[in-house]
Structure formats: C-alpha cells, structure tokens
There are 2 protein chains.
Amino acid sequence: MSEVICTVDVVLLTLRDDALQVLLHRREREPFVGTLALPGGYVHTDSDRDTRDAALRVLRDKPGVHSPYLEQLGTFSGPARDPRGWSISVVYYALVPDTLITEAADAVLCSVDDLRGLPFDHAQIVAAACERVRNKSSYSSLPVHLCPAPFTLPQLQVVYEALLGEPLNKVSFRRKMDELDVLEAIPGAFSSGNAHRPAQLYQVKPAWRHALSLSERAI
Amino acid sequence: MSEVICTVDVVLLTLRDDALQVLLHRREREPFVGTLALPGGYVHTDSDRDTRDAALRVLRDKPGVHSPYLEQLGTFSGPARDPRGWSISVVYYALVPDTLITEAADAVLCSVDDLRGLPFDHAQIVAAACERVRNKSSYSSLPVHLCPAPFTLPQLQVVYEALLGEPLNKVSFRRKMDELDVLEAIPGAFSSGNAHRPAQLYQVKPAWRHALSLSERAI
DNA sequence: TTTAATTAGTTGCAAACATAAACTAAGTGG
DNA sequence: CCACTTAGTTTATGTTTGCAACTAATTAAA
C-alpha cells in the first residue's frame, strides 16, 4: 500500500491524409527524457478541479487547440508501466481538425499505425483510443469533431469512411446525418473553386460542439 | 502538486424485483466510518497487478461473488469528493445474478432509485453505472450477466425489459438473441412446475462469460 | 378424461427502412 | 456551348422489423 504515482495523459487525435494521427510530445523530464510520448503530467492539486481539468491544462500548452472534443478514455495502471513504480494514468482523448494543429520541434504528429518506441504503455493507450474513436464513429456524430468547419457533406463522408475503413452509401449517409441533427447548413455558403457543382457548407450546431449525438442504428 | 489520494471502488449491481440494486458496504474506517458506501479501498502496490485486480480483490470479500462480469466505469476525481483531500477513485462496475448475493450486516442491497445519504460522490458514481448498464443493454448481451443460469428466453426478456424500461416484441427479441449468438440451449432441459408449456433452458456460452456481444441495431 | 387456461415458440404478412442505380443540378475548362 | 465532374434527389427494389394469429405443451379444474 505504498505510494501510487498518479498522472494524466492526453491522446490528441486528428485526421491527416485520411489516417488517424496522434500528437506526441518530446519529454522534458525523466523518465524517458527526450523521447516522444503522449503529452501529460501530474495533477496540480492546487489548481486542477479534476482530472478533466488537468487534461485541458495539458492541451492548453498546444497552440491552436482551444476547446476540443474531450472524453475520458480510461485509466491505465500497474507496477511496471512506469519505471518509477506502481502508477496510474487517467487518460483522456481529444479530437481536433488537423488544420488547428501546429507542429513544433517538441510536438509531432505521427500516424497511429506507425508508432515505434513509445515509452510507458503509451502504444497500448493510443490503440485503445483509436478503437474507441472508430467504434463510436460507427453510431455517432463523433467524426464531425475531426472536420475543419465549414465543411460539406461529401467531405464529412470521406472522414467517416476513413475512420470506418469502408465506403458508405451516399443516400444513407445523408439520411443519417439528417437524423443525428447536429449540423446546420450555412445559408448561402457553398464550396467553390472546383470544376463541378458547389456543395452546401455546414457547421456543427453550437449545442453539439462538445457533445455526441447517438444513432440507434449504425451509420 | 501535493499528494493525491488514490482508491478503487466497485459498483456491484444486480436485478431484484425488476429493479437495479447496488451492494453497499458499511465502512469500517474513517472517513464516514459506519456509513453505507460503495465497497473499495486503496490499491495494494505489493499484490495488485493493476486497478482491475484491486477491484476483484475488493469483490472477493463478498461471499458468492466469484468471477462476475467486470468493466471499468471511469475515474472520478476532485479536491472535495473526499474530506481527506484531492482524490481519485478508479471505479469498476460488476454485474451478478441476484441469487449469488448474500446480504449481511455490513453488506446491504439497495435500490438504485432510493439512495440517500451516500458519502463521497458515490451517488453520482452509482448513477453513472446505471446509465452505462442501461445504455449497453440496448445494443448488447450485457443483461445476460444479471440472469441466474440456467434461464429461459422469456425470463431473459423480462430482464431486458426491466433495464430498458419498455416492453419488447417477443419475435424481435428472440431474433436478436439468436444474432448475438451468446446463448446455448441446454439439451433436454426445460422449465417446469408452471401450468403451461415448458420453456427451453439456456446458458451463456463459455466464451461470452466475461465478454459482450454487440448488435449493430438496437435490441 | 376431457376442457379451459396459460405461456412457449413459430409463421405469415404488412409496414418501415435501407441500398443501389439512375436521374437532375450546377459548376469549370476546353 | 459541349464535355466532364461532383452534388444532391428520385425511384425502384430488397431487407428488416413488428404485429397478429397460429400451433405446442403443460397444469388445473370440471
């Protein structure tokens, strides 16, 4: 019943080149100083109101990421995951459109299928986050948080298809988006510059900026 | 960044009188000594392999509860939920058939709709567990873990209806159970003693004893 | 021993829903 | 102004769902 090391980590995911990518941060402290790892740190008991607050604080260091979709992924624990001793990590995952992410020397986007040498159990954590995102994408509005606003329905469909790994029926997809009721057409705004018919531009209704709409049936 | 109090709590749920009931334990220590609360305690860093292991240890104290369905619910945290200071509780929920639960002076079943005076944020935790169970019941095999084996399909349907709070269509329900593919008929075993046609008895296939089968569509 | 009552389990059909293909709409570039 | 491309809708077809009515198997009572 000795000391438990207690930290908060964040899996910041985005979609770039039709693939999930995770933001990794170069560690400034031991253990694993200088290695790319999930951003995170200790809870600040003097200023954090809870672990979610701590996760938001971790994210605020990243320029461009203001108030992303954020959800608790789960808590990972054990005696060996951290060389300092028996540890717990409360993990949150965040989704942001890739246009909002600015990479830096100490903040790098990596494809989630190509993660080598991650310290701690961070590879397992990223895998769990991807599974959660892909699973929720199949019956919810989750993917809208990966789409830079404003966006068209065909663009959003591409995002869904990238996450689900399968092509979707255009008519069904539009009907589902209509049922989820999270999007609002921007009056008079259409995509332009392409050699074809412009598409209606949409944005997420304010009430759904940080929430999920669930579908009874799969998308 | 001072000390964080780190505990594991368990929401042990069962279905009695067609209502979700939670097992509460009379606390033997401060704070709130003598009060009914969720069973739980500190992580034993010398013997627990992770927090799930700690939750199972907490449950092993309860006679009759051997290897229930167990899933991490989430982690609850903050400066005020525990009078001792900034604390984290990693919470698991377990489902067991009510026939396996033996109540005692220090272990009492309470209806989840009738919880007064729970210490810490345990009322909120129980509410979150119920929401999770009811939600998962709508598209998975979760409720089979609340049904004492062997059981009939009509009995299982009553369990689903109690959790979902609405009557289900008999034909659809049987089709869904067939699709979930978690049950096996016990050859030659039928319910008896009732003044009507006996029903086939079923049990959960071994592979699904601690897992969930998910349905694309709602039950 | 028959009959009524009750619940288990199946069948058939109509309505609701999902999918694919074919269509119309609206832009760009030659 | 015509070919090409993608946006968005319509139509037809196939699949899923839910209700009602059916048959099946038991007990209790006449």
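Throughout, a chain's letter reflects where its sequence line sits, starting with A, and its residues are numbered from 1.
Atoms CG (B:Leu153) and C1' (C:dT10) sit 13 Å apart, rounded to a whole Å. With rounding to whole Å, B:Glu216 atom CD is found 13 Å from C:dA18 atom C1'. One interatomic measurement links the two molecules: NE2 of B:His196 to P of C:dG9, which rounds to 10 Å at whole-angstrom precision. One interatomic measurement links the two molecules: CD of B:Gln200 to C1' of D:dT26, which rounds to 15 Å at whole-angstrom precision. The distance from atom CZ of B:Arg217 to atom C1' of C:dA18 is 7 Å, rounded to the nearest whole Å. In this structure, B:Arg197 atom CZ and C:dG9 atom C1' are separated by 5 Å, rounded to whole Å. Rounded to a whole Å, the CG atom of A:Asp178 is 13 Å from the P atom of D:dG8. Taking atom CZ of A:Phe190 as the reference point, atom C1' of D:dT5 lies 18 Å away to the nearest angstrom.
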ring-ring contact (aromatic ring centres under 6.0 Å, His included) between B:Phe76 and B:Phe120, intermediate numbers included: CA-CA 10 Å; B:Phe76 298 75; B:Phe120 307 104; over 10 Å; no
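Side-chain polar atoms of B:Tyr93 and B:Glu71 form a donor-acceptor pair below 3.5 angstrom.
Using the six-membered ring where Trp is involved, B:Tyr139 and A:Tyr139 have ring planes that are tilted, between 30° and 60° apart.
Of the two residues contacting DNA chain C, namely A:Val171 and A:Ala195, the nearest-nucleotide position lying further toward the 5' end is that of A:Val171. When the nearest nucleotides of DNA chain C are assigned to A:Gly193 and A:Lys176 by heavy-atom distance, the more 5′-ward of the two goes with A:Lys176.
Contact annotation: B:Asn169 reaches the phosphate of D:dC19 (side-chain N/O to OP1 or OP2, under 4.0 Å). At the phosphate of C:dC17, neither OP1 nor OP2 sits under 4.0 Å from any side-chain N or O atom of A:Arg175. In terms of phosphate contacts, B:Ser172 brings no side-chain nitrogen or oxygen within less than 4.0 Å of OP1 or OP2 of D:dT17. Remark: A:Arg174 is in phosphate contact with D:dG8, judged by side-chain N or O atoms under 4.0 Å from OP1 or OP2. Not one side-chain nitrogen or oxygen of A:Lys170 sits closer than 4.0 Å to the OP1 or OP2 atom of D:dT9.
Less than 6.0 angstrom separates the ring centroid of B:Phe173 from the ring centroid of B:Tyr160.
Counted within 6.0 Å of CD on A:Glu131, heavy atoms from surrounding residues, nucleotides or ligands total 12 or fewer; the atom is thus considered open.
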